[in-house]
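Throughout, protein chains are lettered first and strands after them, A, B, ... in sequence-line order, and every chain is numbered starting at 1.
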Amino acid sequence: MRDSVRVRFAPSPTGYLHIGGARTALFNWLFARHNKGVFVLRIEDTDRTRSTEEYIEAILDGMTWLGLDWDEGPFRQTERMDVYRRYIERLLDEGKAYYCYCSPEELEERRRAALKEGRPPKYDGRCRDLDSPPADRPPAVRFRMPRTGQTIVEDLIRGPVVYENEQLDDFIILRSDGSPTYNFVVVVDDVDMGITHVIRGDDHLNNTPKQIHIYRSLGFPVPEFAHLPMILGPDKTRLSKRHGATSVQAYRDMGYLPEALLNYLVRLGWSCGDQEVFTKEELIEKFSLEAIGKSAAVFNPDKLLWLNSQYIKDSPADYISELLVPFLQREGLVGEGEDIDREWLRRAVATLQERSRTLLEMARSMRYYMLEYVELDPRAKEKFVNEKTKPLLEDVRRGLAGVEDFSAGEIEKVFMSVVERHNTKLGKVAQPVRVAITGNTVSPGIFEVLEIVGKERVLKRLDRAIEGI
RNA sequence: GGUCCCAUCGUCUAGUGGUCCAGGACGCCGGCCUCUCACGUCGGUAACACGGGUUCGACUCCCGUUGGGACCGCCA
């Protein structure tokens, strides 16, 4: 029986929850759920100048929307300052850390010079063994890194990664203002929270040897590490705002379903044979770190769009209807607090499910279902609603007016008799009616469209179209 | 500049030494279905970065080259 798995997602609230962060959260969540472990949420807000409450809210909100529920937290680092200081004291007492009196400006200066001369911009260790400290400035605290030997990161995805200790430098663990830095804090938190597996972005791989030394110097066991490949933009650089919409809420607002986004994200780096579409339960069951690839992946909006369309098509109409309401409101088709006939909406949605790729698209298609009248597209009108088709429209109007039970089945009968009387084809009748009713040449099947629009409005729109010829 | 990581169709990927003249998915192109558009369905396009080894045999193992990425902060 292995120890129970504990993982965490630890975003810094300096922005919205973005695609990359969401995928990291997802992998952690899946790993926890698959192993019946614990998923901890921790907010890395030690950067007080850039962290905001608004972003914290946005991140929690995004997680909730995606259905990535956490078992513990959210913990905040700013609430744990005394814990960090205690450990720093200990390191100082044991000689595993030391005060550094170099000013940020001096450091920056030296770094620039080193870079310019092509030397590694590494701290030179000049305060490492200081015996007479200058008393005139507040010191920072640096970690005393071993100068020989090597450190091996046993990564679950990449295998062993070897670092020469001489490449590592004495990094700052406590700023001169008394606040601890990331590479230190992350270790203390992960230890305190009993994290067994650190699953995070590839960009942290090079920080890992430093952190391993912190674990060791504090006498704590080193957790397992799994570094996820990055998500890239089309130009193969790290995905960022430059590449357009990258926040989770942006996708929500564009009408993507959370399960579609999750499904897309999980396939960026993880695979399970040839399977593309997974339910959440399947993901939990099938997920494993071993099946994660090593190479970075380019974000492909087209495939996400396709997946979204699959989910819209295959979800129950009730569910889609529910999600659609906010979009209808935003499109001005439903007033705030206005009641809509749920059963009618469900039927309308059902006709649009296989031809909408996003909820926003669907909401826009709902115009001709919900408005009293629609504008006819000029080109469509010219081609289909004209002198030539007028007799057809009039005949359809006449037939429809006499229909008691205004159902798709009865409507079809009217169309068929019109087709027969004029010795023509259904298409010749359907298109003019489609344009008259929807304003355009594209819609679901004409019989069901008419049924949903309803007899009264159908007749009114036909009248108006005929008058407009 | 240093260190580290990565490398199969345009993109996401399957492949774990022979079953691969490389499979699936998105996209794109064409057929079918059809009242339009979609959906669906059938078919097509398109890849093992390069060079050395190892081996009877390499997409698969090793080395190098090239290309890409990440990190080198008193940011996280």
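With sequence neighbours excluded, no residue forms a side chain to side chain contact (heavy atoms under 4.5 Å, CB included) with Glu382(A).
A gap of 11 Å separates the P atoms of C59(B) and C48(B), to the nearest Å. Here, U45(B) and C26(B) have their C1' atoms 14 Å apart, quoted to the whole Å.
In this structure, Arg238(A) does not reach the C6(B) phosphate: none of its side-chain N or O atoms is under 4.0 Å from OP1 or OP2. Phosphate proximity of C74(B) to Thr181(A): absent, as no side-chain N or O sits under 4.0 Å from OP1 or OP2. One finds no side-chain N or O of Lys236(A) lying less than 4.0 angstrom from the OP1 or OP2 phosphate oxygen of G67(B).
Counting heavy atoms from C-beta on, the side chains of Asn165(A) and Arg147(A) never come closer than 4.5 Å.
The base of A76(B) is not paired with the side chain of Asp45(A) by any donor and acceptor separated by under 3.5 Å. You won't find any donor-acceptor pair under 3.5 Å spanning the side chain of Gln275(A) and the base of G24(B), going by distance alone.
When atom types are taken as modelled, the side chain of Glu282(A) and the backbone of Thr279(A) share a donor-acceptor pair closer than 3.5 angstrom. A side-chain donor-acceptor contact under 3.5 Å links Arg137(A) to the backbone of Tyr101(A).
With both pairing distances under 3.5 Å, G2(B) is matched to C71(B) as a Watson-Crick or G-U wobble pair. When Watson-Crick and G-U wobble pairs are counted only if both distances are under 3.5 Å, C33(B) pairs with no nucleotide at all.
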Arg42(A) and Glu44(A): CA distance, side-chain angles, deciding distance, salt bridge (Lys or Arg N to Asp or Glu O under 4.0 Å) verdict: CA-CA 6 Å; Arg42(A) 183 172 77 222; Glu44(A) 311 242 306; 3.0 Å; yes

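A cation-pi arrangement is found for Arg142(A) relative to Tyr123(A), the charged atom lying closer than 6.0 Å to the ring centre and inside a 45° cone about the ring normal.
Interface residues of residues 161-169 of chain A facing RNA chain B, ordered by number: Val161(A), Val162(A), Tyr163(A), Gln167(A); criterion, heavy-atom separation under 4.0 Å. For the segment residues 349-361 of chain A, the set of residues with a heavy atom within less than 4.0 Å of an atom of RNA chain B comprises Glu354(A), Arg355(A), in numerical order.
In this pair, Tyr251(A) and Tyr256(A) present their aromatic rings perpendicular. The plane angle is above 60°, beyond the 30 to 60° band.
Under the 6.0 Å cut-off for aromatic ring centres, Trp270(A) and Phe278(A) qualify, their centroids lying closer than that.
A side-chain hydrogen bond (donor to acceptor under 3.5 Å, both in side chains) with Asn183(A) holds for exactly one of Lys210(A), His213(A), Gln211(A); it is Gln211(A).
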